[in-house]
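What follows is a short report on a single structure.
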Amino acid sequence: MNSTLWRIRLLKIVCVLILAVLIFNLFKIQIIEGEEWANVADNNRFRHLVELAPRGRIYSANGVELASSVPTYVVALADEQNKDRREQTIIQLAGFLDIEPNAIEEKLSKHRRKFEPAIIATDVDFETVLQLEENRHLMPSLVIQVDPQRYYPEKDLLAHPLGRVNKIDRRGVEGLERSWDEYLQGIDGFSVVQVNVDNRQVGDPVNSTSAIPGDNLHLTIDTRLQQAAQESLRRVLQRLRDEGKANHAWAGAVLIMDPNTGKILAQVTEPSFDNNHRYDKIWWAENIPEEMPDWAKKLTDRTYQYRRTVGSTFKMVTGLAGLETGVITAREKIYAGGRTRINNQHVNDYGYAVHGNVDMRRALAVSSNIYFATVGSRLGSEKIYEYIEKFGMSRAQKNAGFDDISLDEQVSSLDYRLGRTWVGGHTVQISYGQLNEFTAMQMGNYVSMLANGGTHYKPYLVEKVTDYQGETVDFFEPQILDQQDFSPESLKVIREGMQQSAASSKFLKDLPFAVAGKTGSAEHDRSNRKNKDRWRDTHSWWVGYAPYDDPEIAIVVFMEYAGAGSRSIEVARDIIDFYFDLEK
Amino acid sequence: MSNRHKARKKILSAIVVVLLLSIIMSWSTNNPQRILFLEHLAAEALRPFQQAASAVTNFLADSWQFFGDVRNVYNDNQELRAELDKYSGTDLRILEIQQENLRLRNLLKFQEAVDHQVLPAQVIGRNPSNWFHTLTIDKGVKHGIKVDMPVVTNQGLVGKVVEVEPSHSKVQLLISSSSGISAIVQRTRDNGVLIGLSNPIGYTRITRLNQYADIQDGDVIISSPLTGIYPKGIAIGRVVEVYDDPVSLERSALVRPEVDFERLEEVLIIINYNSPVDDPSSGGN
């Protein structure tokens with residue numbers, strides 16, 4: 001009897017014990033470690049996926065894709081709780097990626113955000129991706145993500161202004177990519193998907209916002225014209241070097257604008273480079289001629305990041321100022337006898353040629369330095385700088401108001417007055433385009449204003465912004481920054497002078513319509529014995545517009561160290577032929 | 001037994017219980033293994049009760065089921081009688097054999113039409129819960145079957161071998177959501193990946209196509225030799241819908257497979273296609 005009682009008690013004790021252990025464990029799991037276990041469970045169930053938004057595309061005016069995005073593949077592994085499967089997956093993946101399993105382990109151990117897959121490899125080639133896809137059943141936690149990267153299908157076309165995107169954070173860091181980054185950036189998508197015990201997605205995402213691609217830019221550039229200008233410039237420079245006419249003719253620029261709107265139709269810099277390899281030393285080593293000197297290899301855009309003396313292409317500023325202020329009339333003749341001294345400054349015409357008595361038109365046609373030095377000395381430097389400003393070429397008017405590319409990436413003209421004691425000789429020299437330096441962009445605006453009669457249109461490159469569905473977000477109309485009321489008579493004289501100058505060129509003689517133009521053979525500082533460039537040829541310039549009667553395009557051709565300005569006309573002729581679809 | 005004695009005993013047992021509890025708690029807290037041991041003990045002790053309880057529950061459930069079943073059995077019986085009248089058994093067998101004959105003839109024709117050496121196999125197992133993922137065939141290592149060998153019918157690609165046993169193997173269907181096959185659009189030769197879909201089930205999607213790829217409804221999708229598993233040009237399916245996703249840098253399309261996966265009874269295993277990565281002897285008979 002007593003032993004029965006004892007047994008019952010023992011049973012009671014055991015029951016209480018069991019119950020106590022159970023209650024204690026429940027308490028431990030639910031309350032003490034509750035949060036931790038809930039996390040583990042959610043980790044198993046949910047996976048966070050980021051969908052990277054592709055950058056907006058950049059199109060030319062004729063619809064060619066200048067910047068697009070291409071998928072690059074990122075291989076990642078989601079959290080895997082099952083130890084065996086985790087190990088198997090790592091070994092398999094290491095085999096396909098041809099890396100050590102330890103390298104994967106290391107990446108996984110460093111990965112902190114357990115909800116998100118850990119990135120194992122980036123830039124995985126397509127064939128490997130296909131192989132991985134075919135063996136997904138062996139690696140349930142495998143995630144293949146698409147990482148959109150910038151691609152420039154036209155390679156070296158417009159490479160300079162397009163700029164560059166940072167590969168890591170995919171933000172624009174140079175050129176249009178930088179200044180239009182707010183538009184071009186898309187909004188990344190994000191989704192939370194539920195996965196089953198095999199790490200496979202089940203059902204629709206629990207929570208998702210889809211990625212919105214960035215807005216597209218539509219440029220004013222016509223790729224066909226751009227291409228034609230680039231090929232011509234490249235060819236002419238090459239030939240000048242090959243024929244030993246100008247051994248340093250490696251670099252140059254072409255700017256083509258619509259003088260009636262300010263639209264930039266072509267914007268060429270030579271040498272150019274494949275923009276997909278902008279900072280790729282190997283590409284440069286393999287694709288750029290070994291003989292090219294380092295100064296030419298710079299990535300500088302020679303239309304808005306570069307200034308040089310412009311030589312006789314400046315003479316229309318002095319000429320128009322002379323006529324407008326009345327210091328000279330169109331008919332007054334000045335004797336150009338090859339060489340002279342004005343304001344105690346030696347002046348000579350090209351090759352000491354004697355042109356005799358020349359008026360304004362004739363002086364432009366034969367490009368007499370003596371004539372314009374005389375006009376300049378009558379005007380005085382202040383008046384000349386006043387007209388520089390009227391043509392939007394002053395230092396303050398950075399690139400004539402072109403601001404589609406961030407101003408801090410652009411340079412402005414060099415004002416020779418700064419930090420100098422001015423003497424009369426300086427006035428003489430600036431009258432025919434020495435000392436002061438200008439950019440091709442400023443020259444483009446200047447010649448456009450001569451063509452359109454004094455309207456300063458803002459030069460622009462971006463005409464339209466559309467969203468990814470093609471809806472217009474922004475449209476940019478031509479913008480008038482300034483309107484000069486030059487007298488039509490003065491303008492007519494200057495234009496006729498330019499027309500005569502163009503007509504005298506062997507490259508422009510046989511055109512079906514007249515064009516206006518002016519050459520420039522710009523000297524750089526050759527007096528300084530320490531200047532290593534002093535033996536090099538002059539810069540070759542040509543500015544002009546066509547047709548003469550009804551201007552459709554304004555052209556600037558600049559060939560650095562290429563010698564006489566007349567050499568640039570060959571490029572201008574190619575451009576005119578192409579634009580007006582002329583048979584040669 | 002005096003009352004005082006009783007009270008003292010009660011207090012004593014309470015103290016013992018508390019003491020024991022504390023000992024067990026501290027003994028088990030940091031070692032799950034020990035809890036497990038206790039759980040086992042408890043489970044063993046409770047098992048008879050659980051069995052009794054579930055027996056009672058099962059009995060009740062079964063009884064309920066029984067009444068329902070009686071009705072079903074009655075209905076089935078009526079239908080079966082009608083069916084039995086229609087066939088006299090042998091007809092059915094003849095029909096079956098005829099059909100098998102036809103299928104095998106078709107397979108034979110296919111075998112003649114392709115360059116590859118194929119081994120016919122019977123589908124011997126298909127797990128209903130896994131209907132769209134895998135099936136089991138009656139050929140295995142003994143017959144020279146190896147993992148990754150492509151499986152086809154005269155209609156087109158079925159999938160590939162993923163597991164081999166001595167005398168049977170498991171085939172992963174291309175409509176399985178864990179299947180991925182490198183495939184090309186026949187008309188344009190664009191390369192992509194064909195993956196099985198869980199929705200709509202039985203369909204596949206070709207994806208990872210170039211963003212500029214020209215793909216249209218009705219385009220034929222065929223296997224690609226790029227990764228070395230599948231021979232070139234085995235029919236897979238036809239495009240029924242092209243997805244137009246402006247966000248994606250890859251094009252994709254919904255593809256209806258050529259093979260009727262609902263009715264798969266015989267398949268062919270391509271045994272002599274040497275993937276470039278394997279050793280040359282892997283494709284022998």
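Throughout, a chain's letter reflects where its sequence line sits, starting with A, and its residues are numbered from 1.
Both the backbone and the side chain of A:I144 have a heavy atom closer than 4.5 Å to some heavy atom of chain B. Contacts of A:V129 with chain B are made by side-chain atoms alone, with heavy-atom separations under 4.5 Å and no backbone atom involved. Contact of B:S179 with chain A is made through the backbone alone, with heavy-atom distances under 4.5 Å. Heavy-atom distances place the side chain of A:E51, and not its backbone, under 4.5 Å from chain B.
In this structure, B:L249 CG and A:R55 CZ are separated by 13.0 Å, a value rounded to the nearest 0.5 Å. We find the OG-CG distance between B:S178 and A:L138 to be 9.5 Å, quoted to the nearest 0.5 Å. To the nearest 0.5 Å, the span separating NE2 on B:H133 from NE2 on A:H137 amounts to 13.0 Å.
A:R7 CZ: 12 or fewer foreign heavy atoms inside a 6.0 Å radius. Other residues, nucleotides and ligands contribute only 12 or fewer heavy atoms inside 6.0 Å of the CZ atom of B:R8. Open room surrounds CG on A:D98; 12 or fewer heavy atoms of other groups in view lie less than 6.0 Å from it.
With chain B as partner, the option from A:I212, A:T128, A:V70, A:V16 having the largest number of non-hydrogen pairs under 4.5 angstrom is A:V70. Ranking A:G189, A:S210, A:A211, A:A53 against chain B, the residue ahead of the rest is A:A211, based on heavy-atom pairs under 4.5 Å. Chosen from A:E134, A:R9, A:E127, the residue pairing most often with chain B at heavy-atom distances under 4.5 Å is A:E134. Ranked by non-hydrogen atom pairs under 4.5 Å with chain A, the options B:L194, B:L21, B:L20, B:V16 are led by B:L21.
With B:T227 as the fixed residue, the side chain to side chain contact (heavy atoms under 4.5 Å, CB included) test singles out one of A:N135, A:L132, A:L130: A:L130.
Take B:K160 and apply the salt bridge (charged side-chain N to carboxylate O under 4.0 Å, His left out) test, not counting sequence neighbours, and it matches B:D148.
Closest approach of A:P71 to B:E250, counting heavy atoms only: CG-CG, 4.3 Å.
Close approach to chain A, defined as a heavy atom under 4.5 Å from one of its heavy atoms, is seen in B:R208, B:Q211 of residues 203-211 of chain B, taken by number.
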